[in-house]
Amino acid sequence: MATVQAPRGTKDILPEDVVYWQYIEAIARSTFRSAAYQEIRTPIFEQTNLFERGIGEATDVVGKEMYTFTDRGDRSLTLRPENTAGVARALIEHNLQAQGGVQRLWYSGPMFRYERPKAGRQRQFHQIGVEVLGSASPRADAEAIAVAMNFLAALGLKTPQLMFNSIGSFEDRKAYREALVDYLTPYKDDLDSDSQDRLTRNPLRILDTKVERTREIIQDAPTLIQQMSSESIQRFEQVQQLLTDLGLAYTIDPQLVRGLDYYTHTVFEIQAEELGTEATVCAGGRYDGLVEQLGGTEVPAVGWASGVERLLLLVKEHGAVPAQAVDFYVVSRGDRAEANALALSQTLRKLGFAVELDLSGSAFGKQFKRADRSGAAACFTLGDAEAEQGTVQIKWLASGDQEEMKQDEIEAIAPNLRQKLDQLVS
RNA sequence: GCGAGCGUAGCCAAGGGGUUAAGGCAUCGGAUUGUGGUUCCGACACUCGGGGGUUCGAAUCCCCUCGUUCGCCCCA
């Protein structure tokens, strides 16, 4: 490409799409407010080792997807590939847990992963997520999931499927990893090459392979739940009970393993069938060890993140986010009238109206055409005659009714204008 | 990172070696020089993502490259 273009896997969000983003963000805000979550904003880049320590060096995200660079001070920095590590870091750094009780936080912003782009997957993408820090209660898990479901429901998504599993404690997983490796090692040569690789790096991921032969082998492999302590199993059952009590339908998916190392116990995904391969619209789980692993005290936590681009695909499909129109459109022609029109626009704006001023200087007919298309309720017209007499024509575009008034009366009749606008809306 | 498809105007597109690159939407101008939503007329790609090659001749064939889409991997 000879001309300039956005980097691969990034996208401009143009005004016609921004209305959808604002819609999603507004619903997120009100959903989180209703559950007493507070917003937190952390840096878009962090020290590289935060992610290495938090997410895990063996993960794909850290191993091959990070945007890492060295700054002028020779520091290794990384554009955040997710935000849980950053929030945990902020919690530690500002001693938020010392304020006692539970920290319920939410965030929204861009994340970066070096991946091959496709529909619903970009290199710069956006996540809205929540983190509940400081509670080990199964109710925290259930609440976080419930809030996620509230959010998706409020967005009007009809078919979110909640997939749910427990991957036990770190100890459970360690025991399971050994059992799994013991079981698989004799079959090593029969495994696909990816899985052979994972046998040493990340054996749990072999479970969700799609390779036929490997699937056959893992059919009879030991299961995680067999290795889980009775406490872990009890915890798993408690969360299930709570979800059931809340009337939330879920499917237990024993194959569900998250890609990041910090998860413990509860893991879940919410999927929307319509999206095909990139169907996961929200994912998360419990991460009891993360804060401690990053050098903080022991802070049990649970959270999730939702991909805004994917939500956007669904929300757009369901249509119907009203474009916001201006209240008034101001049309003018002639030097004095045009100057008056600018001043009038300002007056109206200061009175609280949304006003678009036509700057074209073209024929009144053309300007009216634009007034019509702008969706404004009324058009204010100023020409030579009005400039001469200090008047302005107000035409209500739906009815075609036109009235004339003095320019300096506008302030006085503002309440009437407001009233008319409100009537038109209802 | 691997395999495959696609790339013609702001948008949706036809055209698959022969020279004027269909059509629709949008936009702009006019009919209507101070009054809109309809209608009618007109304008709107020295050029087919970019670079190179084959050919008398390339949007059409070949190579490279960039972007995108689908599958794998992984993931929100």
Side-chain angles (χ1 to χ4, degrees), chain A residues 1-11 14 16 55 59-65 80-84 108-129 148 152 192-195 197-198 202 205-206 208-211 256-260 268-272 275-285 303-314 329 331-334 337 358 360 362-376 378-387 393-402 404:
Chain A
M1 250 304 183
T3 48
V4 290
Q5 67 179 314
R8 178 167 208 206
T10 67
K11 268 187 178 153
L14 301 174
E16 67 176 305
I55 299 172
T59 61
D60 279 19
V61 169
V62 171
K64 51 187 199 195
E65 293 175 1
R80 62 186 187 191
E82 55 94 57
N83 206 28
T84 299
S108 168
M111 308 294 158
F112 305 84
R113 291 182 200 172
Y114 189 90
E115 289 190 281
R116 196 139 175 182
K118 56 188 294 187
R121 173 191 292 189
Q122 295 166 207
R123 291 184 172 184
Q124 175 178 340
F125 61 105
H126 296 76
Q127 288 187 331
I128 292 176
L152 300 180
D192 60 283
S193 59
D194 274 346
S195 296
D197 218 46
R198 291 182 187 136
N202 202 346
R205 293 224 63 96
I206 297 174
D208 59 6
T209 183
K210 283 172 187 145
V211 178
L256 183 64
V257 202
R258 311 258 62 245
L260 314 181
F268 71 95
E269 268 184 25
I270 302 171
Q271 302 175 346
L275 292 181
T277 324
E278 315 306 311
T280 302
V281 98
C282 177
W304 52 260
S306 192
V308 182
E309 281 78 2
R310 293 182 189 178
L311 294 175
L312 197 75
L313 292 171
L314 296 168
Y329 195 92
V331 143
S332 59
R333 202 153 157 74
D358 192 305
S360 69
S362 51
F364 274 113
K366 298 295 175 193
Q367 295 195 49
F368 266 88
K369 198 171 251 181
R370 282 186 213 105
D372 191 52
R373 272 188 307 225
S374 76
C379 180
F380 285 58
T381 308
L382 287 130
D384 294 333
E386 287 78 10
Q393 308 289 337
I394 304 178
K395 182 170 188 175
W396 296 89
L397 290 164
S399 63
D401 298 342
Q402 182 161 292
E404 182 181 83

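Every value quoted in this text rests on a predicted model; they were computed, and no experiment measured them. Chain letters run A, B, ... following the sequence lines, proteins first and then strands; every chain starts at 1. As a basis for the values below, the full set of heavy atoms in this structure was taken, side chains included, without hydrogen atoms, waters or symmetry mates.
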Residue [X], side-chain heavy atoms: nucleotide from [options] that is nearest:
X	options	answer
A/Ser362	B/G29, B/G37, B/U35	B/G29
A/Pro117	B/U69, B/G34, B/G67	B/U69
A/Glu115	B/G67, B/A76, B/U35	B/A76
A/Lys11	B/U69, B/A76, B/G36	B/U69
A/Lys118	B/A76, B/G1, B/U69	B/U69
A/Lys64	B/A76, B/G67, B/C73	B/C73
A/Arg121	B/U69, B/C75, B/G37	B/C75

Looking only at non-hydrogen atoms, find the nearest pair between [X] and [Y] and report the distance.
X	Y	answer
A/Ala337	A/Gly383	CB-O, 3.5 Å
A/Pro81	A/Met111	O-CB, 3.8 Å
A/Ile128	A/Trp304	O-CZ3, 3.6 Å
A/Arg80	A/Pro110	NE-O, 2.8 Å
A/Phe368	A/Cys379	CE2-SG, 3.9 Å
A/Asp358	A/Tyr329	OD2-OH, 2.7 Å

Interatomic distance, [X] [atom1] vs [N] [atom2] [rounded to whole Å]:
X	N	atom1	atom2	value
A/Phe368	B/U33	CZ	C1'	15 Å
A/His126	B/A76	NE2	P	16 Å
A/Arg123	B/G1	CZ	P	7 Å
A/Arg8	B/G49	CZ	P	18 Å
A/Gln5	B/C66	CD	C1'	6 Å
A/Phe380	B/U35	CZ	C1'	15 Å
A/Gln367	B/U33	CD	P	14 Å
A/Asp358	B/U35	CG	C1'	13 Å

Could you check whether [X] gets within reach of a base, just the sugar-phosphate, or nothing at all, counting any heavy atom under 4.0 Å?
X	answer
A/Glu386	base
A/Gly129	nothing
A/Ala305	sugar-phosphate
A/Cys379	nothing
A/Ala363	nothing
A/Gln393	base
A/Arg373	sugar-phosphate
A/Glu82	nothing
A/Gly284	nothing
A/Gln122	base

Original post:
Does B/C72 adopt a syn or an anti glycosidic conformation, taking syn as a chi angle within 90° of 0?
Top reply: anti
Original post:
Is B/G16 in the syn or the anti form, by the rule that syn lies within 90° of 0?
Top reply: syn
Subject >> Note, A/Ile55 side chain near A/Thr84 side chain (heavy atom, < 4.5 Å) >> reply: no
Subject >> Close side-chain approach of A/Glu65 to A/Arg123, heavy-atom, < 4.5 Å >> reply: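 Contact flag for A/Glu65/A/Arg123 side chains = no.
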Taking the [atom1] atom of each, how far is [N] from [M], in whole Å?
N	M	atom1	answer
B/G23	B/A14	P	15 Å
B/C44	B/U55	C1'	33 Å
B/A26	B/U68	C1'	24 Å
B/C66	B/G29	C1'	38 Å
B/U69	B/A13	P	15 Å
B/G15	B/C72	P	31 Å
B/G52	B/U60	P	14 Å
B/C46	B/A9	P	11 Å

**OP:** Using the side-chain contact (heavy atoms from CB on, under 4.5 Å) rule, take A/Thr280 and A/Arg310 through it: C-alpha gap first, then chi angles, then the decisive distance, then the call.
**Re:** CA-CA 8 Å; A/Thr280 302; A/Arg310 293 182 189 178; 4.1 Å; yes
Original post:
To the nearest 0.5 Å, how far apart are NZ in A/Lys366 and OG in A/Ser360?
Top reply: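 It is 10.5 Å, given to the nearest 0.5 Å.
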Original post:
Does the base of B/G36 carry an N or O that pairs as donor and acceptor with the side chain of A/Lys395 under 3.5 Å?
Top reply: yes
Phosphate-side-chain proximity, [X] and [N], N/O vs OP1/OP2 below 4.0 Å:
X	N	result
A/Lys366	B/C28	no
A/Arg333	B/U35	no
A/Arg370	B/C28	yes

Original post:
So, A/Glu82 and A/Gln127: side-chain donor and acceptor under 3.5 Å apart, yes or no?
Top reply: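 Side-chain D/A pair, A/Glu82 to A/Gln127: absent.
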Original post:
Does a donor on one side chain sit under 3.5 Å from an acceptor on the other, for A/Gln124 and A/Thr10?
Top reply: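 Their side chains do not contain a donor-acceptor pair, so the 3.5 Å distance test is not met.
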Original post:
Can you give one letter per nucleotide of nucleotides 4-13 of chain B, going 5' to 3': B for a protein heavy atom under 4.0 Å from the base, S for sugar-phosphate only, - for none?
Top reply: B---------
Subject >> Base-pairing string, 5' to 3', of RNA chain B - Watson-Crick or wobble, under 3.5 Å, | interstrand >> reply: ((((((((.[[[..)..(....]]].(((((.......))))).....[[[[[..)....]]]]])))))))....
Subject >> Position toward the 5' end of RNA chain B (nearest nucleotide), A/Phe125 or A/Asp384 >> reply: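 By nearest-heavy-atom nucleotide position, the 5'-most residue is A/Asp384.
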Subject >> Closest-nucleotide ordering on RNA chain B, the 5'-leading residue of A/Ala398 and A/Arg310 >> reply: A/Ala398
